[in-house]
Colleague: 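Structure below; questions to follow.
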Amino acid sequence: MNSRYLSMKKILIKFLAAIIILIGATSCWPPEETEFDSSLLTGKWQSNTLFERYFSDGTGYTWDTADDVYEDEAQPFEWTLEKSTLTQIHLMEMGGVVPKTYTVTELTNSTFKYKDSFTKSYSFSKVN
């Protein structure tokens with residue numbers, strides 16, 4: 001009876017250890033990525049002197065009045081928003097492209113926030 005008790009105790013300890021490992025492993029998984037509605041992105045957004053305009057066809061442009069650049073001289077880009085990943089492909093005048101990827105943290109009818117891979121955050125308000 002003593003050996004049977006020890007055998008059951010070992011099984012119970014292994015079972016509890018397996019449960020603890022399972023709980024620990026699942027708590028380390030990255031959280032599920034938030035999905036944002038890309039139709040909310042359409043329009044003109046402002047963050048201080050920086051502006052971005054998004055069109056529903058996946059194009060847009062950006063300009064910064066602090067650099068003495070206005071909407072008629074804006075930098076064009078193509079964009080996609082998949083879940084929380086915003087990708088802008090900036091189209092250069094000389095034919096090159098510059099890809100930029102951001103993580104959207106908030107997108108509503110009036111607020112648009114994202115951060116880059118260096119955790120620099122941007123916060124925009126819709127202006128029309």
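None of these values were measured; they are calculated from a predicted model. Side chains included, hydrogens not; waters and symmetry mates left out as well; all remaining heavy atoms used.
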Colleague: Could you walk me through whether Tyr61 and Glu71 pass the side-chain hydrogen bond (donor to acceptor under 3.5 Å, both in side chains) check?
Modeller: CA-CA 8 Å; Tyr61 43 84; Glu71 191 167 0; 3.1 Å; yes
Colleague: Side-chain contact, heavy-atom cut-off 4.5 Å: Leu86 with Val104?
Modeller: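 Answer yes - side chains close enough.
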Colleague: A quick test of your reading: do over 12 heavy atoms of other residues, nucleotides or ligands sit less than 6.0 Å from CG of Asn48?
Modeller: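 Result for CG/Asn48: open.
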Colleague: Between Tyr114 and Thr103, is the side-chain contact (heavy atoms from CB on, under 4.5 Å) condition met? List the steps.
Modeller: CA-CA 5 Å; Tyr114 61 78; Thr103 300; over 6 Å; no
Colleague: By the definition side chain to side chain contact (heavy atoms under 4.5 Å, CB included), identify the one residue from Arg53, Lys126, Glu52 that meets it with Lys44.
Modeller: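 Of the listed options, the one satisfying the test is Arg53.
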Colleague: For Trp45 and Phe51, run ring-ring contact (aromatic ring centres under 6.0 Å, His included): C-alpha distance rounded to whole Å, both residues' side-chain angles, the deciding distance at 0.1 Å, then the answer.
Modeller: CA-CA 6 Å; Trp45 298 88; Phe51 292 84; over 10 Å; no
Colleague: Does the side chain of Asp116 come within less than 4.5 Å of Lys100's, by heavy atoms?
Modeller: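 No - every pair of side-chain heavy atoms lies 4.5 Å or more apart.
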Colleague: Specify the closest pair of heavy atoms between Pro99 and Val97, including all atoms of both residues, with the distance to one decimal.
Modeller: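 Here Pro99 and Val97 meet closest at CD-O, 3.9 Å.
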Colleague: Could you grab the distance from atom CD of Glu106 to atom OG of Ser84, nearest 0.5 Å is fine?
Modeller: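 That separation rounds to 13.5 Å.
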Colleague: Can you tell me how far the CH2 atom of Trp79 sits from the CG atom of Asp57, to the nearest 0.5 Å?
Modeller: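 Answer for the CH2-CG pair, Trp79 versus Asp57, is 8.5 Å.
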Colleague: Taking all non-hydrogen atoms of both residues, which atom of Ser47 and which atom of Ser123 are closest, and how far apart?
Modeller: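 Minimum heavy-atom contact is OG-O, 2.9 Å.
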Colleague: Check whether any side-chain heavy atom of Ser125 lies under 4.5 Å from a side-chain heavy atom of Phe112, and answer yes or no.
Modeller: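 A side-chain contact under 4.5 Å is absent here.
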Colleague: Do Asn109 and Leu40 come within less than 4.5 Å of each other through their side chains, counting heavy atoms only?
Modeller: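 Yes, close enough: below the 4.5 Å cut-off.
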Colleague: Can you find a heavy atom in the side chain of His90 that is under 4.5 Å from one in the side chain of Thr62?
Modeller: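 Touching, per the 4.5 Å side-chain cut-off.
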Colleague: If you define the side chain from C-beta out and look only at heavy atoms, does anything of Lys83 sit under 4.5 Å from Thr34?
Modeller: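 No, side chains not in contact.
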Colleague: Hey, which of Phe55, Trp63, Tyr54 is the one that makes ring pair (Phe, Tyr, Trp, His ring centres under 6.0 Å) with Phe77?
Modeller: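 Among Phe55, Trp63, Tyr54, the one that satisfies the ring pair (Phe, Tyr, Trp, His ring centres under 6.0 Å) with Phe77 is Tyr54.
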Colleague: Kindly give the heavy-atom pair with the smallest separation between Leu41 and Leu107, and that separation in Å.
Modeller: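 Reported closest heavy-atom pair: CD1-CD1, 4.0 Å.
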Colleague: On a heavy-atom basis, which atom in Lys113 and which in Thr111 lie closest, and how many Å separate them?
Modeller: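 Minimum heavy-atom separation between Lys113 and Thr111: CE-CG2, 3.8 Å.
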Colleague: Do Met92 and Gln75 make a side-chain contact, defined as non-hydrogen atoms from C-beta onward lying under 4.5 Å apart?
Modeller: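 Result yes, sub-4.5 Å side-chain heavy-atom pair found.
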Colleague: At what distance, to the nearest 0.5 angstrom, does CD1 of Ile89 lie from OG1 of Thr80?
Modeller: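 Answer for the CD1-OG1 pair, Ile89 versus Thr80, is 7.0 Å.
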Colleague: Does CD in Glu93 sit with more than 12 non-hydrogen atoms of other residues, nucleotides or ligands closer than 6.0 Å?
Modeller: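 Not buried by this count: 12 neighbours or fewer within 6.0 Å.
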Colleague: For Tyr70 and Asp68, which heavy atoms make the closest approach, and how far apart are they?
Modeller: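 That closest heavy-atom pairing would be CE1-OD1, 3.3 Å.
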Colleague: How long is the straight-line distance from CG of Leu50 back to CG of Asp64, given to the nearest 0.5 Å?
Modeller: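 Asp64 CG to Leu50 CG: 5.0 Å, rounded to 0.5 Å.
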Colleague: For the residue pair Tyr122 and Tyr102, does the interplanar ring angle fall in the parallel (under 30°), tilted (30 to 60°) or perpendicular (over 60°) class?
Modeller: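 Ring orientation of Tyr122 relative to Tyr102: perpendicular.
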